[in-house]
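Here's the structure we're looking at; comments come further down.
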Amino acid sequence: MGDQVRRNMPLFPIGIVKKLTELTPRQIRYYEEHGLIFPIRTDGNQRLYSFNDVDRLLEIKELIEQGINISGIKQIFIMKQQFNGLKHNIIENPDRKVQKDLTEKQLRSYLKKELLVAGRHGKTSLIQGELSRFFH
DNA sequence: ATTCTGACA
DNA sequence: TGTCAGAA
């Protein structure tokens with residue numbers, strides 16, 4: 001599992017991330033303020049981002065382009081986390097019904113998100129207010 | 001030269 | 001979100 005270690009290594013400053021993601025430093029810092037990413041700081045208080053951070057920013061960028069707001073993105077990430085947790089449980093306990101903690105509703109929400117992302121750049125561009133209803 | 005925080009004609 | 005200032 002040394003690959004994940006590599007992907008989590010704090011490597012590049014915001015200037016590099018700016019080029020890699022086409023996002024402005026303003027946006028990159030803004031998303032951090034809202035808990036979407038958590039780059040570490042150097043001795044000089046400068047942010048250092050990992051490959052995972054960059055990937056995450058790329059995901060954020062796409063979701064933003066689809067008109068999804070910060071809170072919507074937060075919840076999507078939470079569902080993604082829950083989804084991965086369920087997947088692990090199923091792999092580790094194939095016999096037991098450890099899926100009791102995840103409601104079917106949560107799964108549906110996650111799937112809906114997948115559909116939205118899949119049909120990106122399409123006609124189904126939901127606006128902020130409209131999408132937040134799904135998450136309430 | 002780069003990045004950071006705070007602020008807004 | 002852009003952008004500018006003042007500091008590191």
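Below, chain A is the first sequence line, B the second, and so on; all start at residue 1.
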Query - Spacing between A:Leu48 atom CG and B:dT3 atom P, to the nearest angstrom - result: 10 Å

**Report entry** A:Gln46 CD to B:dT5 P, straight-line distance once rounded to whole Å
**Finding:** 10 Å

Report summary line: To the nearest angstrom, the CD1-P distance between A:Ile16 and B:dT2 comes to 10 Å

Query - Closest nucleotide among B:dT3, B:dC4, C:dT1 to the A:Gln27 side chain - result: C:dT1

Requested in this report: Let me know, please, whether A:Gly44 or A:Ile64 comes out on the 5' side of the other along DNA chain C by nearest nucleotide.
Outcome: A:Ile64

Query raised in the report: Which whole-number value in Å describes the distance from A:Tyr30 OH to B:dA7 P?
Result: 16 Å

Query raised in the report: Below 4.0 angstrom from OP1 or OP2 of B:dT3, is there any side-chain N or O of A:Arg47?
Result: no

Requested in this report: Scan A:Gly15 against the nucleic acid and name what it touches under 4.0 Å (heavy atoms): base, sugar-phosphate only, or nothing.
Outcome: sugar-phosphate

Requested in this report: Considering just the side-chain nitrogens and oxygens of A:Arg26, establish if one lies under 4.0 Å of OP1 or OP2 belonging to C:dT3.
Outcome: no

Query - More than 12 heavy atoms from other groups under 6.0 Å of CZ on A:Phe51 - result: no

**Report entry** Distance in angstrom units between A:Lys19 NZ and B:dT3 P, rounded
**Finding:** 9 Å

**Report entry** Phosphate contact (C:dT1 OP1 or OP2) by A:Tyr31 side-chain N/O below 4.0 Å
**Finding:** yes

Query raised in the report: Hey, does the side chain of A:Asp53 reach the backbone of A:Ser50 with a donor-acceptor pair shorter than 3.5 angstrom?
Result: yes

Query raised in the report: How close or far is atom C1' of B:dT2 from atom CD1 of A:Ile14, stated in whole angstroms?
Result: 10 Å

Requested in this report: For a side-chain contact (heavy atoms from CB on, under 4.5 Å) with A:Ile60, tell me which candidate from A:Ile76, A:Ile73, A:Ile70 qualifies.
Outcome: A:Ile73

Query raised in the report: If you measure only the distance, is there a donor-acceptor pair under 3.5 Å linking the side chains of A:Asn69 and A:Ser71?
Result: yes

Report task. Mark yes or no for whether A:Glu32, through its side chain, and A:Ile28, through its backbone, hold a donor-acceptor pair below 3.5 Å. Result -> no

Query raised in the report: B:dT5 C1' sits how many Å from A:Ile28 CD1, rounded?
Result: 16 Å

Query - Nucleotide B:dT3, atom P - distance to OH of A:Tyr49 in whole Å - result: 10 Å

**Report entry** Watson-Crick or G-U wobble mate for B:dC8, both contacts under 3.5 Å
**Finding:** C:dG2

Query raised in the report: At under 4.0 Å between heavy atoms, what does A:Pro13 touch on the DNA or RNA strands: base, sugar-phosphate, or nothing?
Result: sugar-phosphate

